[in-house]
Amino acid sequence: MDSKDNFLSKLESYILSINDEYLIGVTNKGIFNRASKDLSSGAGVKITVEEASIKCELPDGNSCSVNEDIQAFKCSCPSRSICKHAVMSYLYIKNHIEEIFGESSSLNGDSSEEMEISKQHEEFSPDYSELLNINLKSIKTALGDREFGNIVKRMEFGLRADIKEDALLQVEFAGEETIKFISVNGEKKKDISIKDSSIVNNALCSCKSKALCRHKAEAVIHYGLYKGTLKKEEVIYLIAKDKIVSKETLESCIKEVRKTLEEIYFTGLARIPESFLDKLEQVSIICHNSDIPSIEKKIKALQGKLRLYINKNASFSVESFRYLLQSIYILTMAMENYSDEKTLGELMGEHKSSYYEIPPIELAAVGASKWITESGYEGTTFYFTVEGFNKWFTYTISRNSSYNNKNSYSRESCPWGIASDIESFSKARVKLINGKINGDFRLSSSENSKGEIIGTTDIQSIYLKDKTFNSWKDLFSAVSNNSGLYFNEREENYNLFLIKPLKFGESSFDKIQQLFKMPLYDEKEECVTIKVKYSINNKSLIEKLERMERMKNYPFMLLTKVYLNETGLTAVPITAYYKNGTLVNLTM
């Protein structure tokens, strides 16, 4: 059999394997219908069988050469993608298959001929196994950390891919892009880079990109998940940034940090000179140069607290200062004993948090808190739950308090284009489209994100496993187990719990310490104490708690920050929930 006969045999098998659905898939219905209409006009098509292709001279004067690879067509028209002339050529060949390839193509011959054609058809049946052999790391390298992170987050948030394997492989993301992979003849490669994949290079994406786009890479990953050759854990693991910090650099930095902490302990707070602020600045620079932002940020915070003490600022808290010292020390211990690079990456943190795209989600707002920092920033944090996630989601508005007056909160606008007041927003159910989120489940105010209020949160349905308690013994265990959060303390969701007291005790106010206290009891008479230090910013919170006691109008559940100290569990309330469906933000 010469090369021309071999080519015709391959083309015949290919023509037998394709159908109208396939041609529509590699183009679109409009191009297919136009090609069919022009072909049925009755004008003739002249065919020339060449060495490795069939040349079709079409009625409109254009000529198109095709073979067993539809992507390899050559047409005289200026189109760079599969055009109607290519479709017309394949349709014409398919409609005149007996004339071109002989009567055996009618499938009415003897059994041996049928077996031969069946064998050829099987030889050219679509094969997408190459997609399963693409190296996952090559996808991350080709896309970059941010785009790969978008894929991972969208996957974690339950992005669904509708996969259809037929004449071509189609991967459709609901309401988004559709990617079509065309089986390519040739040797099937193994453990290849995504950039070297013939199937990916010939793929069609509805975003119109000719090069490798995120959608094609995302489709490859979801196809691997669909086939079971990939696991979610493998993909999620790669989102952790590659660490370039050597063991020697890490140990050197930790040694310097511990030396500084020990100097504070041995010298004593009362005898630390003002020049020690410069020492802390030097240590923070060492942490920055060592690429350990989590410790750098904590050293900066320690420097800020020490400055408050030296300046005799009333907002300075010895307990808070001691807690920060402990958390830094525990963090260095954790880094020394990390089990893998992923854990170390989480402990080391990021200089600037990365935000990733997520598919549409429905948020249930469960309250909000107003806050102000020692450094002069104020803001409002909103708390959300999402069905299927045992996590707190947050969105924070912050600003420098020196640029705002006392009425700034009443004028604050809601994110994502939502027209609502802050109070109503804090108890609304929100549909979020094109949202972005970081590793701490903090939502972004991206201009591309659009939100819509679709109802009000059902108070009775608010629940998060391992974060909702009516037993203080279980709560104590949960707070104790949260020691891991010493490593990556997050302002918004750190030690955040829903607690259900059986009974509220009588409040008291310590005039010397300027501290409001209210005991909360569970069914075993164990106690968690609400403690709020009096200040201008906490005045409203204390007044609401006093009114609650005076009116005997106690909620059935509270959203609180819970801490463990020398005297037991201490709670700082944020939002109160009542059985009649009322939600009260205690700090607003």
Quiz item: Could you walk me through whether K467 and N390 pass the side chain to side chain contact (heavy atoms under 4.5 Å, CB included) check?
Solution: CA-CA 8 Å; K467 294 178 176 60; N390 191 42; 3.9 Å; yes
Nearest atoms (heavy-atom pairs only) where [X] meets [Y]:
X: N585; Y: E423; answer: ND2-OE2, 3.1 Å
X: G451; Y: I418; answer: O-CG1, 3.5 Å
X: L363; Y: F384; answer: CB-CD2, 3.7 Å
X: L225; Y: K232; answer: CD2-N, 3.8 Å
X: N62; Y: C77; answer: OD1-N, 3.6 Å
X: A368; Y: T575; answer: N-OG1, 3.7 Å

Quiz prompt | Pairs touching residues 137-162 that satisfy ring-ring contact (aromatic ring centres under 6.0 Å, His included), sequence neighbours left out | solution = F157-F389, F157-F393
Self-check item: Where at least one partner belongs to residues 199-229, residue pairs that pass ring-ring contact (aromatic ring centres under 6.0 Å, His included), sequence neighbours excluded
Solution: F173-H222
Practice problem: Quick one: pull up CG in D38 and NZ in K84 and give me the separation to the nearest 0.5 Å. | Solution: 4.0 Å
Practice problem: Measure the spacing between OH of Y356 and CG of N438 and express it to the nearest 0.5 Å. | Solution: 8.5 Å
Check: [Y] and [X] side chains under 4.5 Å, non-hydrogen atoms:
X: V66; Y: Y90; value: yes
X: T141; Y: K195; value: no
X: S53; Y: K74; value: no
X: F73; Y: C83; value: yes
X: I221; Y: L136; value: yes

Exercise. Assess whether atom NZ of K55 is packed by more than 12 heavy atoms of other residues, nucleotides or ligands within 6.0 Å.
Key: no
Quiz item: Has K436 got more than 12 heavy atoms of other residues, nucleotides or ligands less than 6.0 Å from its NZ?
Solution: no
Quiz item: Do you know which of I151, V235, D145 makes side chain to side chain contact (heavy atoms under 4.5 Å, CB included) with K140?
Solution: D145
Quiz item: Pairs in or reaching into residues 147-158: which pass side chain to side chain donor-acceptor pair (under 3.5 Å), with residues at least two apart or in two chains?
Solution: E147-N150, K153-E156, R154-E176, R154-E218
All side chain to side chain donor-acceptor pair (under 3.5 Å) counterparts of [X], not counting sequence neighbours:
X: N201; value: none
X: E362; value: R429
X: S79; value: none

Quiz item: Going by atom types only, do S449 and N434 share a side-chain donor-acceptor pair under 3.5 Å?
Solution: no
Exercise. Determine the interplanar angle of the Y22 and Y14 rings, folded into 0 to 90°, and report it as parallel if under 30°, tilted if 30 to 60°, perpendicular if over 60°.
Key: perpendicular
